[in-house]
Amino acid sequence: MDFQVVVLAGGTSKNLVPLVSKEVPKALLPVGNRPVISYVLELLELSNLKDLIVVVEGQDAAVRVGSWISGAYVDRLHVEVAAVPEDVGTAGALRAIAHHLTAKDILVVSGDIVSDVPLGAVAAAHRRHDAVVTAMLCSAPVSGPSESGSSVGKDKAKKPGHYNIIGLDPTKQFLVYIATELEKDIRIQKSILRAVGQMEIRSDLMDAHLYAFKRSVLHEVLDQKDTFQSLKQDVLPYLVRCQLVSPSSEVLLNGAPQTEENGNEKASSQNNQLMLSQILANSSTPSFHELYALGPNGSTPVRRTHKCCVYIAGKSKYCVRLNSIQAFSDINRDVIGDASHLSGYSFSAQNNIIHPSAELGSKTTVGPHCMLGEGSQMGDKCSVKRSVIGRHCRIGSNVKVVNSVVMNHVTIGDGCSIQNSIICSNVQLQDRVVLKDCQVGAGFVVTAGSECKGEALAKKEK
C-alpha cells in the first residue's frame, strides 16, 4: 500500500518506574511473558506491513530493543532501529527521523499498544478519504490509569481524573474537535460549530495513538511548528483546527501561515462559547466536507479543506496502551483472561498455560487464567490465581500469588503472600514476605518477614 511504518517504542518511561530500568526499557516489558512490542510487530506482520522503523529513546535502550527484534523476527520483518534523544516527545521523535520518511503515507504506531484491530483497515480508510491524517479511536478501557499506581481489580478502579472529548461529524468519519487531558468544564467555540454545522460529542473513545499521516503534510507541520512535541497534544489538534477554516481563506496545505484562534483558544470570551449540552447531533446531515465542496447556490465548487478522518474500532475489539503501572497489570490479566486470543499460546483444559518444563510440588494449584513460564519450579501447597509467573522462577512452599505479575528469575521463599503486585526480574523475596499492592524493581531483595502495602521497592539507579 506504499505505507512506511514508524513504531514509537519509547525508552525508560518515568511513569513506569520501577518496572522499567536501563536493562529493561519499556518496549521489552513482559505482557504474558513476551515483550509488549511483540504484540504490535505481529499485528503489523498480519497486515503485511513489514517495512518498519522502530524509534527508541536513548542509545542503550535502542541497542537492547534492536538486539531482541533482530533475534525474534529475523527473516520475518525488515526493521531499522533508530535511536533518538530521551524526552523529545512523539513529534520530536518523528522530526529526528524525518529524512528517513519517503513514502506517500506514514503509519505511526505506538509500541505499547496491545490490540487486535486490523491495521490494514486504518490504512485503507486513510487512502479512501485521501485524508491528511486518520486517527484510530477505540473504546476507552474500563480500568484506566490509577493515580496511586497500585494494581487493583477493575471493580475497585477509580475513574481517571483526566478524560478526552472527541467531536465527530454526523457521518462519524471525520474528526472535527479534540480536547485531551480535560478535568472539568468543556466549552466549544461558536466558530467551530459554524464551520462544522453539527457534531457528535464522545467521551467514551480513546485516541489509540495510532495515526496514518500524509507525509508531505506531516513534514510541513513538523518543520513549521518546531515547538510541537506531542502528536496527540499538538500535531493532531492543530490539523483538526486548520481543517475548520472557512473555505474562502487560505489553509495550511496551500502553504500560507495559519492563524490559530488569535493565538490562544482560551482568549475568546465566554460569549463566543457554547456549553456542551447545547450541541445536537443529526446523523442524516451530510459531512461538512461534502457541504464545503459546494458553493453558496449548491453548484459552484469552492476550495475544499483538508480532511482529518477517524477509524473507530468495533466494541468487540481489544485495544489498550501500556502507558501506566495500572495498565501493565490490566493487560497482563486480560491476555490470560478475556483477551486470551492475543497471547499467542494454547490454553489447557483448565484454561491456563503451564510450560511443560515447569515443576509443581504436591498439593500446589495453578488456577484458570494463570501462566507459568519455562523452567519455573514451585514447592508444595502453593496457590496461584489470576497471575503470570515468568521463566526460571524458584518458588518455595506455602506461597500464595493472587492477581500479580512475577517476571523472570525471581526467587520467592517459603510462606510468602503476594497480592495485586508486580515483581520484576531477579528479585529475591525471603521467607514469609507479605506484599499487597506493591511493585518491586529488578534485583531488589525483600528481607524475611517484611510486610509491605502500596509501596514501590527498588534499588537506587546508579
Side-chain angles (χ1 to χ4, degrees), residues 12-26 28-31 33 146-153 156 324-326 328-330 332-333 358-367 370-462:
T12 53
S13 177
K14 290 182 178 67
N15 63 336
L16 287 166
V17 173
L19 276 55
V20 295
S21 61
K22 289 178 182 175
E23 288 72 33
V24 184
K26 179 181 179 179
L28 300 184
L29 279 177
V31 169
N33 281 342
S146 160
E147 293 301 318
S148 66
S150 65
S151 299
V152 291
K156 297 179 185 174
S324 68
I325 289 175
Q326 178 65 52
F328 177 83
S329 295
D330 291 345
N332 267 284
R333 182 189 58 239
E359 297 177 17
L360 303 182
S362 67
K363 298 184 180 177
T364 285
T365 59
V366 178
C370 288
M371 181 179 287
L372 183 59
E374 175 186 356
S376 286
Q377 298 175 358
M378 302 190 71
D380 300 338
K381 298 181 181 177
C382 293
S383 170
V384 182
K385 297 179 180 178
R386 300 183 307 282
S387 296
V388 176
I389 295 176
R391 299 178 182 87
H392 306 292
C393 293
R394 297 290 176 267
I395 298 174
S397 300
N398 296 296
V399 172
K400 291 183 179 178
V401 183
V402 180
N403 200 30
S404 295
V405 178
V406 177
M407 300 188 196
N408 302 328
H409 301 283
V410 171
T411 302
I412 300 177
D414 295 343
C416 290
S417 174
I418 302 162
Q419 186 176 345
N420 295 344
S421 294
I422 301 165
I423 315 298
C424 294
S425 295
N426 300 301
V427 162
Q428 183 181 345
L429 304 184
Q430 296 180 350
D431 293 349
R432 304 180 314 283
V433 166
V434 177
L435 299 179
K436 185 176 182 184
D437 301 329
C438 290
Q439 302 94 43
V440 185
F444 194 83
V445 177
V446 184
T447 53
S450 299
E451 294 191 16
C452 304
K453 183 176 180 181
E455 292 184 50
L457 310 170
K459 290 194 220 174
K460 287 187 168 58
E461 286 272 339
K462 293 178 182 177

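Keep in mind that what you see is a predicted model, and the values were worked out from it rather than measured.
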How close do [X] and [Y] get, counting heavy atoms only, and between which atoms?
X      : Y      : result
Ala458 : Pro18  : CB-CB, 3.6 Å
Lys436 : Ser421 : C-OG, 3.8 Å
Lys459 : Phe444 : N-CD1, 3.6 Å
Gln430 : Cys416 : O-SG, 3.1 Å
Ala358 : Gly373 : CB-O, 3.9 Å
Cys370 : Val384 : SG-O, 3.6 Å

Which one of Val445, Leu435, Val433, Val410 satisfies the side chain to side chain contact (heavy atoms under 4.5 Å, CB included) criterion with Val440? Leu435
Is any side-chain heavy atom of [X] less than 4.5 Å from a side-chain heavy atom of [Y]?
X      : Y      : value
Lys381 : Ser397 : no
Val402 : Arg386 : yes
Cys393 : Val406 : yes

Could you measure the distance from the [atom1] atom of [X] to the [atom2] atom of [Y]? Nearest 0.5 Å is fine.
X      : Y      : atom1 : atom2 : value
Leu16  : Phe328 : CG    : CZ    : 9.0 Å
Ile389 : Leu372 : CD1   : CG    : 5.5 Å
Lys400 : Gln419 : NZ    : CD    : 10.0 Å
Gln326 : Ile422 : CD    : CD1   : 8.5 Å
Lys363 : Cys382 : NZ    : SG    : 13.0 Å
Glu23  : Thr12  : CD    : OG1   : 10.5 Å

What verdict does the side-chain contact (heavy atoms from CB on, under 4.5 Å) test give for Ser376 and Met378, after you've listed the backbone C-alpha separation in whole Å, the side-chain angles of each residue and the deciding distance to 0.1 Å? CA-CA 7 Å; Ser376 286; Met378 302 190 71; 5.8 Å; no
Applying side-chain contact (heavy atoms from CB on, under 4.5 Å), run through Cys452 and Leu457 and close with a yes or a no. CA-CA 9 Å; Cys452 304; Leu457 310 170; 4.1 Å; yes
Short question: side chain of Ser387, backbone of Asn403 - any donor-acceptor pair under 3.5 Å? yes
Report the residues that fulfil side chain to side chain donor-acceptor pair (under 3.5 Å) with Ser450, sequence neighbours left out, ordered by chain and then residue number. Thr447
Taking side chain to side chain donor-acceptor pair (under 3.5 Å) as the test, write out the residues that go with Ser13, two or more places apart. Asn15
So the side-chain hydrogen bond (donor to acceptor under 3.5 Å, both in side chains) pairs with at least one residue in residues 406-416 (sequence neighbours excluded) are none
Let's go through Leu429 and Ile418 carefully: what are the C-alpha distance in whole Å and the side-chain angles of both, what is the deciding distance for side-chain contact (heavy atoms from CB on, under 4.5 Å) to 0.1 Å, and is it a yes or a no? CA-CA 10 Å; Leu429 304 184; Ile418 302 162; 3.6 Å; yes
